[in-house]
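Scope of the values below: all heavy atoms of this structure, side chains included, with no hydrogens, waters or symmetry mates.
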Amino acid sequence: MATGLSGALLRWYDAERRELPWRRTTEPYPVLVSETMLQQTTVAVVVPYFERWMTRFPTVESLALSDEETVLAQWQGLGYYRRARSLLACARLVVESGWPLTFAGWLELPGVGKYTAGAVCSICLGERVPAIDGNVERVFARVAADPSSSLKSAATTWARGLVDCNRPGDVNQALMDLGATVCRPKNPDCGACPVSRFCSAFAGGMQNSLPTPKPTKTVVQLTHEYVVPFCKGQVGVRQFGPGEWWAGLYGFPARNGEKQVTDLLTFTHTVTHHKVTASAVLVRTTKMKPHLQWKSTCELERLPMPAPHRKILNSALNAIYESGSNATGTAKVPSSAKK
DNA sequence: AACTCGGGGAT
DNA sequence: ATCCCAGAGTT
């Protein structure tokens, strides 16, 4: 029987926990998929990706037998595409050698760091190891009223004591649920908090000034102009190379002085500390430039593209189908071209 | 320790 | 517009 803070936390968790699709099981495969998707990504965004992924790759064997492009296509739009490659590599290692049975074994898998190893081991194996994410760091900073700018080490020591019980996986997930729904970054709901009586920040009325905010990085402004080449019903794309953003994924080439263009759209997207103002134009050509890969709309659906380029593609397909609507008015925008 | 790597939702 | 999210890997 857990007592004190962890006991109050678990009682709250049993009553208030979020019902999430990956919480229906403690099998390592779905748990690893969810934990990988959740790295630096919000729960609401992950849920539909997780459901689709488990339908497309229901078992670790089915994932291991897939090719990288198919895997990346399932991941497209989630960002941090290294995670998808790591997950594929994990699947192949696991099919070869079996699931790791210890924290140290999990740490050796690609894309599995201390957080993910702790989460999977505690949830699937019942190992008493902490899982320190941004939520847990924030909860710790407030409970301990710790103003430090580097909380990882102290939060780990603190959480090690909390998970030393019969339900380490639930303690870890309870801390994250608490951080996500009650001990929020802004305006924490201390009135609804099950551990407020253990919280030093609450006692001192400092919950809104902890944790200490990190210095903001300066944002670099960039402008990217893209061209969507169109020829005989096919679209020209290129694969991003090593060292480029979105290496290995597909998208559109930079505009290079093309005339006779159709304006498509202008929008901004943010890549870490870069703010890019992107614009794209459509160019209808009569020759398929050989340095590009020419794809039908059907093939484009299955191609892994980062979100901004998928957005450009959809805009281009809309423009093409509008101008190409025939006398019978039967031309339709493919469902994949909807926003 | 500092940096890269995506994208989106909440405020 | 800013913050920050169930972080990991590299330099």
| When we call it a touch if two heavy atoms are under 4.0 Å apart, what does A:H269 touch: a base, just sugar-phosphate, or nothing? | nothing

| task | Using a cut-off of strictly less than 4.0 Å between a heavy atom of the residue and any atom of DNA chain B, enumerate the qualifying residues of residues 70-78 of chain A by number. | result | A:G77, A:L78

| query | Contacts to DNA chain B from residues 243-252 of chain A, heavy-atom cutoff under 4.0 Å, which residues? | reply | A:W245, A:W246

What residues from [range] pass a heavy-atom cutoff of under 4.0 Å to DNA chain C?
| range | answer |
| --- | --- |
| residues 85-97 of chain A | none |
| residues 16-23 of chain A | A:R18, A:L20, A:W22, A:R23 |
| residues 42-51 of chain A | A:T42, A:V43 |
| residues 135-143 of chain A | A:N135, A:R138 |

Apart from [X] itself, which Ile, Leu, Val, Met, Phe, Trp or Tyr residues share its cluster (side-chain heavy atoms under 4.5 Å, direct or through members)?
| X | result |
| --- | --- |
| A:V281 | A:V227, A:V261, A:V283 |
| A:F103 | A:L107, A:V129 |
| A:L210 | A:M206 |

| query | Hey, where on DNA chain C does chain A first and last touch, going 5' to 3'? Cut-off is any atom under 4.0 Å from a heavy atom. | reply | C:dA1 to C:dG9

| Contacts of A:T181 that satisfy side-chain hydrogen bond (donor to acceptor under 3.5 Å, both in side chains) - sequence neighbours left out | none

| message | Under the ring-ring contact (aromatic ring centres under 6.0 Å, His included) definition, can you give me all pairs with a residue in residues 272-293 of chain A, not counting sequence neighbours? | response | A:W245-A:H274

